[in-house]
Amino acid sequence: MVRVLMIGDIVGNVGRMVVKKLLPKLYEEYNFDLVIANGENAAGGNGITFEILDELFSYNIHVITMGNHVWDKREIINFIDYQPYLIRPANYPPGTPGKGYTIYSLANNINVGVINLSGVVFLPPLISPFLIIDKLINDIEKKCSIIIVDFHAEATSEKVAMGWYLDGKVAAVLGTHTHVQTADERILPKGTAYITDLGMTGPRDSVLGVKKELVINKFLTQMPVKFETANGVGQLNGVILTLDPNTGQAVSISRIQEFI
Ligand SMILES: [Fe+2]
Ligand SMILES: [Fe+2]
C-alpha cells in the first residue's frame, strides 16, 4: 500500500511555518510514501517563488501543484520548465510554460502520476477539463500504478461531477482552491477517493488566508483593497490516502485538520 498526504493550499508564511512544524510529526505518525501540496498561494498568498519552492521541497514535500494563481509571481515562468515536480493546471492552452502532470517514482519502483486540472466555472475560461482528462490519463496510465488528480476548482458541482466522471479511472480526485475543507470525503463505488475541497493550510482566523478586516472592508465599501495574509493560529488541512498500487484504487481517505 502507498500512503499519501495531500495538503490543501499553503497560504503565505503562516502556511509554510505550519508545514515546517507539523509535517515531521505527521511523517512520524503515518510514514508517508508521498507528500503532495497545493502551493499556488505559498508566496504571501499569491503564486510561488523559486526560494519558496525550494523551502517547501526541503520540508519533504515531493510534488507541488498550482492553480489560478500560478502566474502571480511572474518569475515562475523562468523556472517552471526546469522543475520536474512543480505542475500547473493541464488545461492551459498548448505552448503555456510548465506542464500539467508529473510522475513521481517511489523507492519501491511504484510510479505515481499526479495531474493538476483547473475548473472553468467561476474561474478563467481555460480548455474544459472534462475534454482533456481522458487523453491525459491515457498518456500516463501505462507508466503509473496510481494516478492522483488535484482538481483546482470553485464550483462544487463541477468538482463532484469530475469525481464521478473519473471514478474507477484514477485513484483519487482531490479538490483544491476554495480554502474551506468539505466533509464529503469518501471512496466512490469504482474505487476512487474523492473530496470536494482539501481546505487551506495557513492562518485560521482569516478569510481564506487574508486578514479578515481587509476583506470585511471590501464587502462594506465595494472599493478595491490590497489583500495581506493574516497571522495568528495556523492550521493544516488535507487528506491522508491509502492507495493500492496493484489495483490503482483507493483503500482509505481521511481528512486532517491540525492547529498550531
Ligand atoms: Fe488557493
Ligand atoms: Fe485557487
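The figures here come from the full heavy-atom set of this structure, side chains too, leaving out hydrogens, waters and symmetry mates. Remember, it's 1-based here, ligands and their atoms both numbered in the order they're listed.
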Item checked: Salt-bridge present (Lys99, Asp81; N to O < 4.0 Å) ->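 Between Asp81 and Lys99 there is no salt bridge, as every charged N stays at least 4.0 Å from the carboxylate O atoms.
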
Item checked: Aromatic Phe259 / basic Arg204 pairing, under 6.0 angstrom, 45° off normal ->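 Judged by the rule (NZ or CZ under 6.0 Å from the ring centre, within 45° of its axis), Arg204 counts as positioned above Phe259.
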
Next item on the list: Would you kindly check if the NZ (Lys) or CZ (Arg) of Lys25 is within the cone defined by 45 degrees around the ring axis of Tyr27 and under 6.0 Å from the six-membered ring centre?
Entry: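 No, Lys25 and Tyr27 do not form such a contact.
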
Next item on the list: Please answer: with hydrophobic residues joined when any side-chain heavy atoms are less than 4.5 Å apart, are Leu56 and Leu5 in the same cluster?
Entry: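 Yes, Leu56 and Leu5 fall within the same hydrophobic cluster.
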
Margin query: Looking only at N, O or S atoms in His177, which is nearest to the Fe ion (ligand 2)?
Written below: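 Sorting the N, O and S atoms of His177 by distance to the Fe ion (ligand 2) puts ND1 first.
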
Item checked: Distance (rounded to the nearest 0.5 Å) between Leu117 CG and Lys159 NZ ->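 Spacing of CG (Leu117) from NZ (Lys159) equals 12.0 Å.
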
Note to self: Test of geometry: compute the angle OD1(Asn41)-the Fe ion (ligand 1)-OD2(Asp9) and round it to 10°.
What the structure shows: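 So the angle at the metal works out to 110°.
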
Check: Do you know which N/O/S atom name in Glu40 is closest to the Fe ion (ligand 1)?
Finding: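 Nearest N/O/S atom: OE2.
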
Next item on the list: Measure from the Fe ion (ligand 2) to each N, O or S atom of His152 and report whether any distance is below 2.8 Å.
Entry: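 Coordinating: yes.
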
Next item on the list: Check whether any N, O or S atom of Asn38, backbone or side chain, sits closer than 2.8 Å to the Fe ion (ligand 2).
Entry: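 Looking at Asn38, which is the residue asked about, there is no N, O or S atom under 2.8 Å from the Fe ion (ligand 2).
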
Check: Any N/O/S of His179 under 2.8 Å from the Fe ion (ligand 1)?
Finding: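 His179 does place an N, O or S atom closer than 2.8 Å to the Fe ion (ligand 1).
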
